[in-house]
Amino acid sequence: MKTSVRKCLFPAAGYGTRFLPATKAIPKEMLPILTKPLLQYGVEEARSAGIDTMAIVTGRGKRAIEDHFDRSYELELQINGTSKEELMTEIRDIVKNCTISYTRQVEMKGLGHAILTGETLIGDEPFAVILADDLCDNADGESVLAQMVKMYNIYRCSIVAVEEVAPEDTNKYGVVAGEFITPNIMRVQNMVEKPDPKDAPSNLAIIGRYILTPDIFDIIKDVKPGKGGEIQITDALLEQAKQGRVVAFKFQGKRFDCGSVDGFVAATNYFYTKSKV
Ligand code: UTP
């Protein structure tokens with residue numbers, strides 16, 4: 001197995017129905033927090049973890065994503081030499097220095113299925129997964145994915161980022177249970193997708209950051225549709241967890257669920273305040 005995490009997969013094929021009508025023609029992952037699309041925040045986080053190969057799973061109506069991570073000659077001609085040029089510094093740097101490839105999920109059969117669709121771009125090596133609608137920031141230090149890559153280099157198995165959620169919210173997440181090895185690291189023994197609060201094995205919820213070992217692809221192929229009729233990544237991870245090969249990591253930093261209006265507004269306020277400091 002390859003030694004480091006070199007690639008990051010971005011499942012971005014979902015319909016984003018909670019953001020209709022905004023997401024009718026615009027991909028949810030392209031909605032901006034201040035002036036930057038969610039997906040660009042995700043790509044920047046991957047780069048901060050030493051990753052420069054991005055694999056994006058798109059779907060119908062998502063072409064704006066490919067246009068964003070490309071050159072725009074007309075626009076560049078227009079702003080070259082003006083004060084606006086600096087607004088393009090980060091995206092220009094990404095376009096210049098990253099390899100970005102795409103594949104399409106034809107039927108939206110869930111997150112597990114979207115990850116399996118990315119197999120062709122990932123191959124046989126460990127990889128990161130970022131759900132761009134979960135926006136993470138660690139103002140005091142390393143990004144969440146950079147912290148996770150360090151954990152991967154120690155434990156050499158799949159890593160899921162978790163945080164404590166209010167007990168009444170467990171039905172929105174995959175929830176883990178297991179044994180803590182250190183105050184922030186749990187060897188996962190059980191995981192349940194969107195449990196009712198009364199059935200939840202804990203209040204530790206998986207958020208949109210994963211590092212997965214490539215055997216996950218074959219496991220997903222055998223997973224039957226679960227909650228909501230979707231192929232759930234949680235069900236595939238449970239198979240690895242039964243063999244002691246999943247670690248849950250309580251990361252340092254903040255996470256905003258930008259797939260919900262409340263989380264999106266909270267993220268906007270947070271980044272606006274941060275930009276004024
Ligand atoms: P979500 O469930 O949050 O996204 O999936 P959604 O289905 O687009 O949102 P709503 O509930 O309708 O508002 C988490 C991530 O997984 C991707 C989504 O694009 C999102 O980034 N996803 C989900 C896929 O790529 N394919 C799928 O079949 C499902």
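Please read these numbers as outputs of a predicted model, since none were measured by experiment. Just so you know, ligand 1 is whichever comes first in the structure, and atom 1 is the first atom listed for that ligand. Below, each value reflects all heavy atoms present in this structure, side chains not excepted, and no hydrogens, waters or symmetry copies.
Here the protein heavy atom with the shortest distance to atom 25 (O) of ligand 1 is Ala13 N, 2.9 Å. Of all protein heavy atoms, the one closest to atom 11 (O) of ligand 1 is Arg18 NE, 3.1 Å. Atom 15 (C) of ligand 1 has Leu131 CD2, 4.0 Å as its closest protein atom, hydrogens excluded (heavy atom only). Closest to atom 21 (O) of ligand 1, if we only count protein heavy atoms, is Pro11 O, 3.0 Å. The protein heavy atom nearest to atom 12 (O) of ligand 1 is Thr17 OG1, 2.5 Å.
The ring pair (Phe, Tyr, Trp, His ring centres under 6.0 Å) pairs that include a residue from residues 202-249 are Phe127-Phe217, where partners are two or more places apart or lie in different chains.
Every atom of ligand 1 with a heavy atom of Ala114 under 4.0 Å away is listed here by number and element: 24 (C), 25 (O), 26 (N).
Considering backbone and side-chain N/O atoms, Gly16 comes within less than 3.5 Å of an N/O atom of ligand 1. Close N/O approach between Glu107 and ligand 1 is not found [any backbone or side-chain N/O within under 3.5 Å]. In terms of polar-atom proximity, Glu29 is counted as a contact of ligand 1, with an N or O under 3.5 Å from an N or O of the ligand.
Counting non-hydrogen atoms of other residues, nucleotides and ligands closer than 6.0 Å to CZ of Arg60 gives a total of 12 or fewer. Counting non-hydrogen atoms of neighbouring residues, nucleotides and ligands closer than 6.0 angstrom, the NZ atom of Lys150 reaches no more than 12 such neighbours. Residue Tyr272 places its OH atom among 12 or fewer non-hydrogen atoms of other residues, nucleotides or ligands, all under 6.0 Å distant.
Across the listed options Gln105, Lys172, Met108, Gln105 owns the non-hydrogen atom lying nearest to atom 26 (N) of ligand 1. Comparing heavy-atom distances from atom 23 (C) of ligand 1 across Gly14, Ala12, Gly118 singles out Gly14 as nearest. Counting heavy atoms only, Leu111 comes closest to atom 16 (O) of ligand 1 of the residues Val57, Thr58, Leu111.
Here the CZ-CG distance, from Arg18 to Asp262, works out to 11.0 Å after rounding to the nearest 0.5 Å.
Contact annotation: Lys109 has at least one heavy atom less than 4.0 Å from an atom of ligand 1. Taking a 4.0 Å cut-off on heavy atoms, Gly110 registers as neighbouring ligand 1.
Looking at Lys221 and Asp218, a side-chain N of the basic residue comes within less than 4.0 Å of a carboxylate O on the acidic one, giving a salt bridge.
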Side chain to side chain contact (heavy atoms under 4.5 Å, CB included) between Ile219 and Gln240, worked out
CA-CA 9 Å; Ile219 300 175; Gln240 290 187 331; 3.6 Å; yes
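Side-chain contact between Leu34 and Thr268 is present, with at least one heavy-atom pair separated by less than 4.5 Å.
Within the 4.0 Å heavy-atom criterion, the part of Lys28 lying near ligand 1 is the side chain and not the backbone. Residue-level proximity to ligand 1 for Glu230 is absent, since no heavy atom of it falls below 4.0 angstrom. The side chain of Asp133, and not its backbone, has at least one atom closer than 4.0 Å to an atom of ligand 1 (non-hydrogen atoms only; side chain from C-beta on).
Distance check for atom 19 (O) of ligand 1: a protein heavy atom is found below 4.0 Å.
Glu44 and Gln40 are linked by a side-chain donor-acceptor pair at a separation below 3.5 angstrom, with hydrogens and angles left out of the test.
When the side chains of ILVMFWY residues are joined at heavy-atom separations under 4.5 Å, either directly or via intervening members, Ile100 and Val95 end up in a single hydrophobic cluster.
Closest heavy-atom contact between Met30 and Ala64: CE-O, 4.0 Å.
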